[in-house]
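Only this structure's heavy atoms are used, side chains among them; waters, hydrogens and symmetry mates stay out.
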Amino acid sequence: MRVRVRSAWRNHTRNQGCDPLRLSRPESLEELVELVREAESASVTVRAVGSGHSWSDVALTAGFLVEPGGLARPLALEPELLRDEVDPERLARCEAGIRLRELNRHLDTEGRALLQMGGYDAQTVAGVLSTSTHGSGIDLGPICDFVRSLDVVASGGAVYRIEPADGPTDPEAYAARHPDRALVQDDRWFDAARVGMGCLGAIYSVLLEVCPRYWLREVRTLRPWGELREELRGRELIARHRHFEVYVSPYSLEDEDSCLVTTRDPTDEPARRPRDRERNSIPEFVAGLSITPHVLNLIFDLRPALTPRLLERALGALADEEYTNLSFRVLNIGTANLLPAYSSEIGVPVDAHGSHIEAVERIKRIAARRREIGSVYHTSPISLRFVRSSSAFMSMMEGRDTMMIELIQATRTEGGFELLAAYEEALYDLGGRPHWGQVNTLTGSHDLIRSLYPRLDDWLEIHGRLNASGVFDSPFSKRVGLAVYPREGVIG
Ligand SMILES: Cc1cc2nc3c(=O)[nH]c(=O)nc-3n(C[C@H](O)[C@H](O)[C@H](O)COP(=O)(O)OP(=O)(O)OC[C@H]3O[C@@H](n4cnc5c(N)ncnc54)[C@H](O)[C@@H]3O)c2cc1C
């Protein structure tokens with residue numbers, strides 16, 4: 001196992017960083033177990049990280065940081081350990097540090113694909129599960145809903161395979177092969193472990209449900225926001241498409257108030273195989289504005305008053321586009337992910353009272369007020385994605401169909417973080433749940449987390465088993481009140 005000391009760790013945007021005691025790169029399950037045991041005996045905490053694509057502090061540690069690169073391979077399925085009724089064609093096993101990008105490529109060579117992903121593919125499998133990363137589609141849950149089994153190294157170096165009660169592993173075959181490991185087939189354990197923010201142990205491997213390779217056709221249409229807003233109160237339009245997303249400007253201009261609707265639906269394989277990139281958001285975005293993203297950032301900084309008009313133009317430039325390709329190429333929105341930006345994202349219930357519509361209107365009011373009083377601007381369109389309810393206890397989608405509101409800011413936005421905090425506070429009483437992996441100001445005070453997550457106590461009970469010693473505590477888990485902390489003399 002490669003171990004480094006006196007090395008800093010930074011996330012991909014470099015808005016988060018820490019100086020862990022050690023950065024370790026285990027290459028096997030045994031090395032991961034050894035690392036957790038060593039940390040516990042030295043009273044140091046452990047945090048497994050992914051590819052650092054969280055804008056929040058969720059991956060930080062002052063203890064031992066576990067890098068993902070040595071545990072990033074596709075794994076054999078081991079069909080002899082599965083129950084007879086399981087269809088092996090619909091399952092794929094991999095080490096948890098593999099990035100979605102490499103997993104997609106691997107599955108494609110087998111003529112298979114992930115059923116769902118978010119708008120990017122540079123994150124690791126463990127990373128996207130742990131924060132309840134999602135895409136769009138009111139009949140598709142977050143990515144953690146496509147997990148069928150997890151192998152986790154817990155407190156004491158104990159290895160657990162965690163599955164729902166009807167999980168795919170054959171208990172007898174597993175016990176015979178791995179007498180030193182525990183198979184837990186229990187819905188509560190499974191619903192806790194799928195979204196653990198790194199606090200429920202280090203995930204070694206994952207069994208995912210997959211499907212045969214498929215093609216998607218993406219269509220983008222400009223609509224007046226006032227008109228679409230009323231249609232979004234009902235579910236009919238949202239449920240008509242496999243994927244449904246909206247970009248809306250935070251500003252209502254007198255002459256223009258449009259939004260961009262993106263739909264993606266399965267389609268037949270095209271006669272001519274498309275190139276990997278025939279649609280790319282940033283070139284379109286930039287083409288519409290005739291400037292590069294960095295110049296754009298500079299304008300947001302130096303001439304912020306131009307922002308509302310620029311955003312309106314950007315939406316217009318992205319409209320009337322069609323794009324057909326393999327599912328994972330269409331779902332990845334491409335180089336838009338490389339914009340110098342940071343983001344927060346808040347999930348609100350899609351309900352009959354129209355809480356989700358009120359949430360957007362509130363955000364627009366806050367943006368307008370901050371602009372009027374302090375010349376503070378929101379420097380990107382607001383993204384709305386509809387996601388099916390999940391049973392994972394700490395998922396933002398737990399127990400309710402959800403509209404995720406993504407609030408992106410160019411890095412040079414003056415007052416950008418303060419604006420995001422204002423949105424977050426304003427949405428709590430509409431049931432707003434901030435994305436664990438994106439900028440948030442959640443605290444452990446006033447029982448805030450309990451008020452947001454009705455199944456918190458179930459999660460904490462399993463947390464108490466998997467993190468009995470507090471070895472998976474972190475600055476993040478202390479901030480939001482999930483840690484076993486305080487414990488005397490523990491580093492990290
Ligand atoms: C450009 C960009 C695009 C994005 N697009 C989307 C999107 O479309 N939808 C969406 O919902 N989010 C999106 N996000 C947010 C992102 O998906 C999440 O923050 C995700 O958790 C990052 O994964 P990662 O592999 O980088 O993990 P990290 O950010 O490194 O870690 C995230 C969490 O996972 C835990 N973790 C990582 N590995 C393990 C392991 N082996 N065992 C236990 N815990 C582990 C860490 O401890 C931490 O708590 C985006 C972020 C960026 C920067």
Which residues pass the side chain to side chain donor-acceptor pair (under 3.5 Å) test with [X], not counting sequence neighbours?
X: D187; value: none
X: E425; value: none
X: D458; value: R188, R455

Item to complete: Sort out for me which residue in S130, S395, S391 forms a side-chain hydrogen bond (donor to acceptor under 3.5 Å, both in side chains) with R194.
Response: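 Of all the options given, the one that passes is S391.
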Quick one: which residue pairs count as a salt bridge (charged side-chain N to carboxylate O under 4.0 Å, His left out) with a foot in [range], not counting sequence neighbours?
range: residues 235-244; result: R235-D401, E236-R240
range: residues 438-450; result: D447-R450, R450-D457
range: residues 33-50; result: R22-E38

Close side-chain approach of [X] to [Y], heavy-atom, < 4.5 Å:
X: Y174; Y: R181; answer: yes
X: R177; Y: E80; answer: yes
X: L456; Y: F393; answer: no
X: S383; Y: V246; answer: no
X: I98; Y: P74; answer: yes
X: C199; Y: W459; answer: yes
X: Q409; Y: L420; answer: yes
X: L129; Y: V195; answer: no

Fill in: Partners passing ring pair (Phe, Tyr, Trp, His ring centres under 6.0 Å) against Y247 (at least two apart in sequence or in another chain)
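Ring pair (Phe, Tyr, Trp, His ring centres under 6.0 Å) list for Y247, sorted by chain: empty.
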Item to complete: For F417, enumerate each residue passing the ring pair (Phe, Tyr, Trp, His ring centres under 6.0 Å) test, keeping only those at least two apart in sequence or located in another chain.
Response: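 Residues passing ring pair (Phe, Tyr, Trp, His ring centres under 6.0 Å) with F417: Y342.
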Worksheet item: Angle class for the F386/F244 ring planes (parallel below 30°, perpendicular above 60°, tilted otherwise)?
Response: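 The arrangement is tilted - the two ring planes meet at 30° to 60°.
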Whether [Y] and [X] form a salt bridge (side-chain N of Lys/Arg under 4.0 Å from carboxylate O of Asp/Glu) is what I want to check.
X: E245; Y: R385; answer: no
X: R213; Y: D108; answer: yes
X: R479; Y: D57; answer: yes
X: R25; Y: E31; answer: no
X: R400; Y: E398; answer: no
X: R2; Y: E27; answer: no
X: R148; Y: E163; answer: no

Kindly write out the residues that satisfy side-chain contact (heavy atoms from CB on, under 4.5 Å) with [X], not counting sequence neighbours, or none if the list is empty.
X: E172; answer: D170
X: D139; answer: none
X: R105; answer: R101, E102
X: E110; answer: H106, L107, R112

Any luck finding a side-chain donor-acceptor pair between [X] and [Y] under 3.5 Å?
X: E95; Y: S205; value: no
X: T45; Y: D473; value: no
X: E424; Y: T441; value: yes
X: D121; Y: N104; value: no
X: H353; Y: S355; value: no
X: S445; Y: T443; value: yes
X: W55; Y: T13; value: yes
X: E345; Y: H134; value: yes
X: T324; Y: T267; value: no

Discussion item. Return the CG to OG distance between L427 and S344, rounded to the nearest 0.5 Å.
Written reply: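 One finds 9.0 Å between CG of L427 and OG of S344.
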Worksheet item: For G437, does its backbone N or O pair with a side-chain atom of H435 as donor and acceptor, under 3.5 Å?
Response: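 A pair under 3.5 Å: yes.
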Worksheet item: Should we count CZ of R465 as having more than 12 external heavy atoms under 6.0 Å?
Response: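 Open: at most 12 neighbouring heavy atoms sit under 6.0 Å from CZ of R465.
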Discussion item. Under the side-chain contact (heavy atoms from CB on, under 4.5 Å) test against Q123, which residue among H53, M117, R99 passes?
Written reply: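 Per the side-chain contact (heavy atoms from CB on, under 4.5 Å) rule, the option paired with Q123 is H53, out of H53, M117, R99.
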Practice prompt. State yes or no: are the ring centers of Y323 and W215 separated by less than 6.0 Å?
Written response: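 Between W215 and Y323, which both carry aromatic rings, the centre distance is not below 6.0 Å.
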